[in-house]
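No hydrogens, no waters, no symmetry mates; every other heavy atom, side chains included, goes into these values. Numbered from 1 within each chain, the chains take letters A, B, ... in sequence-line order.
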Protein chains: 2
Amino acid sequence: MAKVDTSLVAHLPLFGGVKPGDLEEILREARSARYPRNSAIFEQGADAQSFFLLLHGHVRAAKTTPTGEQIVVRYVAPGETFGLAMAIGAARYPATAIAVDDSVALIWPTSAWPRLVERFPSLAASTLQTVGTRLQESHTRILEMSTQQVEQRVAHALLRLAKQSGKKLDHGIEIDFPISRQDIAQMTGTTLHTVSRILSSWESQGLVESGRQRIILRDPHGIVVLAERSADSGAA
Amino acid sequence: MAKVDTSLVAHLPLFGGVKPGDLEEILREARSARYPRNSAIFEQGADAQSFFLLLHGHVRAAKTTPTGEQIVVRYVAPGETFGLAMAIGAARYPATAIAVDDSVALIWPTSAWPRLVERFPSLAASTLQTVGTRLQESHTRILEMSTQQVEQRVAHALLRLAKQSGKKLDHGIEIDFPISRQDIAQMTGTTLHTVSRILSSWESQGLVESGRQRIILRDPHGIVVLAERSADSGAA
DNA sequence: GGCCCGTTTTGAGCTATCGCAAACACCCGG
DNA sequence: CCGGGTGTTTGCGATAGCTCAAAACGGGCC
C-alpha cells in the first residue's frame, strides 16, 4: 500500500477543519486502488464495505430498477467522495459505481467511519454539507424533469458536466471523459434516440461538435440560451 | 415562551445520542410557534434564519421556478425537521414552506447550530442520516419519473403519503391533511387534469374515494399492484 | 339561504416524445 | 488492412399526456 501524499488532498472541502497532522492519520486508514476503464467499483445492493474518494478519473453512479431500466445518478469527478452509504445509515449501496475512465480512488473501510467522525467531528459536518448539496441538486433535477422539455434538460445536463469536468479548448469546452448518448438520456429521463436527434440538430447549428462518446460545446453561451428558453419559440 | 416537554420529542431519531439532561439544554434554545392553515413558514430565497422541528400539523415544502411553475419537494410530518438550509451550507432557503394544516413547530435560530453540533456531535450524525435518507428518496423519485408512467407515479406518491401520514379507517386509509389534485400533480410531474382523470378512474374501480382536498385509499393493495405494474396491460 | 370562489371533472384536439426498425460510422483487435 | 461490434443516426408511425375550454361542484361566508 503506497503512502498517499497529503498535499494532494489537503485542500479538499472534506478535510476543511482537519489539521495537517490529523490528515495524515486519516489517510493512514485508507488504501488506494486503480480501476480500469469500464470496471465496476461496487454494485447496487452489495454490502457497503467501503467508502471512496476519487483521485483520478471519472466514475458513473447509476441506479437500476427491478425491470432493468437505469438512470445515471451522477458523475463523480476527482476530489469528490462516493459510496457514502454508511454515513447515511444504509447497509447496502443504493447504486452501482463504474469507472468510465481509468481511475484511482482512496478507499476507507466503512467500519472506520464511526471512529473517524468521533475523532474528527468536522468530517461529519463537511459530509453533511456534501450530502446536502447533492440533495439540492437532486431537487433541481426533479424540478427540471417536471417543468422542462427534453431539449432544455439535455442542455442543462451538458452545461453541468462541462462545469464539473470540462476541458477548455480554444474552440470550446470538451467533456473530459467518454460519455454516450445513452448516458445523457439516462441523466435526463429520455431515450438515446431523442438525445441523438437533439445533438444532431445542435451540431447543424454549430452549437456542439460530437462523436462517439465525445462531446464538445462549441458555443456554451448558445446552449445556456437554449437551456433557459421557456418552452416556446423553436427554430424555423 | 412556553417550555417544551422533553418527553414529547425525546424518542425522535434526531436526538438519538443525546442524554435526557442534554436534551433539555437543546430545547432551551428553541422557541415554538403556531402556524395557521395555509400560512407561509418561510419563503424560498429568504435568509435561512431558523430551522424547524414540526410538532403538530403538516407542512408542504415546494420549489418554484423563475417562470412560476412549482413542484412539491415533500410533505413534512410531525417529528420531522425542515428548513435545514444551514446544516447543508446554504444561506437561503431553497424552497418555500407552507403549513397545510394548523401546525406547531419548534424553532431554533440558525446561529445556534454550530454551537449545538460542537456540544452534541451526535446531532450532526443524525442529521446526516436524515439528509442522506432524503437524498435516496430523491433519487428514487428521479428514477420513477424517468421510467414510469404517470399513473404509476401517482400510485407511488399516494402510497408514500399514506405510509407517512395515513389515518387508518375501517374502510381504508385516509391521507390526514388537505391535499388537492394540483398538489399531487406537483409531486409527480404531471398536471392536475391528468391526476383528476386517474383518480376518477380509480374511484370507479373502487380503489379510492376522494373529494375536495381529500383522498381515502379504499384498496391499498390494489394500488400497490397498479404501482408495480410494468407499463403494459391496461384495463379493458 | 344564497352567493362567490377555489376545486374538480370532462371533452376534444394536438404534439412532443417514444418505440421500433434499419442503415450507418467508427474504433479496436487480429 | 479487414471484420465485428458498439455506438450513432434517421425515418416513420403510435400515443400518453398536455393544452385549452367549459361546465359542474362544494363549502364557507355574509
Colleague: Atom CD1 in Ile223(B), atom CG in Leu207(B): separation rounded to 0.5 Å?
Modeller: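 Reported to 0.5 Å precision, the distance equals 5.5 Å.
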Colleague: Find the distance Glu203(A):CD to dT9(D):C1' and express it as a whole number of Å.
Modeller: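 About 11 Å, once rounded to whole Å.
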Colleague: Do Ser138(A) and Ile142(B) come within less than 4.5 Å of each other through their side chains, counting heavy atoms only?
Modeller: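 Yes, side chains in contact.
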Colleague: Ignoring the backbone of Val150(B), work out which of dT9(C), dT10(D), dG17(D) is nearest its side chain.
Modeller: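 The nucleotide sitting nearest to the side chain is dG17(D).
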Colleague: Nearest whole angstrom, please: distance from the P of dT9(C) to the CZ of Arg214(B).
Modeller: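 For the pair Arg214(B) CZ and dT9(C) P, the rounded distance is 11 Å.
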Colleague: Heavy atoms only, 4.0 Å cut-off, all strands: where does Ser200(B) land among base, sugar-phosphate and nothing?
Modeller: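 Sugar-phosphate only.
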Colleague: Would you mind reading off the distance between Arg153(A) atom CZ and dA16(C) atom P, rounded to a whole angstrom?
Modeller: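 The answer, rounded to whole Å, is 14 Å.
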Colleague: In whole Å, I'd like the distance from the CZ atom of Arg212(B) to the P atom of dA24(D).
Modeller: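 Going from CZ in Arg212(B) over to P in dA24(D) covers 17 Å.
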Colleague: Can you measure Ile198(B) atom CD1 to dA16(D) atom P for me and round it to whole angstrom units?
Modeller: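 Atom-to-atom, Ile198(B) to dA16(D), this comes out as 12 Å.
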Colleague: Would you give me the side-chain donor-acceptor pairs under 3.5 Å for residues 79-105 of chain B, sequence neighbours excluded?
Modeller:
residue	atom	partner	partner atom	Å
Glu80(B)	OE1	Arg74(B)	NH1	3.3
Glu80(B)	OE1	Ala77(B)	N	3.1
Glu80(B)	OE2	Gln164(B)	NE2	3.3
Thr81(B)	OG1	Arg134(B)	NH2	3.2
Arg92(B)	NH1	Gly45(B)	O	2.7
Tyr93(B)	OH	Gln49(B)	N	3.4
Tyr93(B)	OH	Ser50(B)	N	3.0
Tyr93(B)	OH	Ser50(B)	O	2.6
Thr96(B)	OG1	Gln44(B)	N	2.9
Asp102(B)	OD1	Arg37(B)	N	2.6
Ser103(B)	OG	His58(B)	N	3.2
Ser103(B)	OG	His58(B)	O	3.4
Ser103(B)	OG	Asp101(B)	O	2.7

Colleague: Measuring from Leu159(A):CG to Leu217(A):CG, what's the distance to the nearest 0.5 Å?
Modeller: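 Reported to 0.5 Å precision, the distance equals 6.5 Å.
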Colleague: Just checking, is any N or O donor in the side chain of Thr190(A) or Thr188(A) under 3.5 Å from an acceptor N or O on the other one?
Modeller: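 Judged by distance alone, the side chains do not pair up.
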Colleague: Provide, to the nearest angstrom, the distance between the CE atom belonging to Met145(B) and the P atom belonging to dC18(C).
Modeller: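 Those two atoms, CE and P, are 13 Å apart.
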Colleague: Give the residues of residues 180-193 of chain A touching DNA chain C, defined as any heavy atom closer than 4.0 Å, sorted by residue number.
Modeller: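 Nucleic-acid contacts, sorted: Gly189(A), Thr190(A), Thr191(A), His193(A).
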Colleague: At under 4.0 Å, does any side-chain N or O of Ser196(B) touch on OP1 or OP2 of dT8(C)?
Modeller: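 No, Ser196(B) has no side-chain N/O under 4.0 Å of OP1/OP2 on dT8(C).
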Colleague: Per the atom types in the model, does the base of dT9(D) pair as donor or acceptor with the side chain of Arg197(A) at under 3.5 Å?
Modeller: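 Answer is no: no donor-acceptor pair is held.
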Colleague: Roughly, in whole Å, what's the span from CD in Gln213(A) to P in dC28(C)?
Modeller: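 Distance check: Gln213(A) CD to dC28(C) P gives 10 Å.
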Colleague: Is there a donor-acceptor pair under 3.5 Å between the side chain of Arg141(B) and the backbone N or O of Val73(B)?
Modeller: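 Judged by distance alone, yes, a pair lies under 3.5 Å.
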Colleague: Within this structure, what is the OG1-CZ distance for the pair Thr127(A) and Phe51(A), rounded to the nearest 0.5 Å?
Modeller: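 Thr127(A) atom OG1 to Phe51(A) atom CZ measures 8.0 Å (nearest 0.5 Å).
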Colleague: Using whole Å, what does the distance between atom C1' of nucleotide dT6(D) and atom CD1 of Ile179(A) come to?
Modeller: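 It is 16 Å, rounded to the nearest whole Å.
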Colleague: Using the closest heavy atom to pick a nucleotide of DNA chain D for each, name whichever of Thr194(A) or Gln148(B) lands nearer the 5' end.
Modeller: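 Between the two, 5'-proximity favours Thr194(A).
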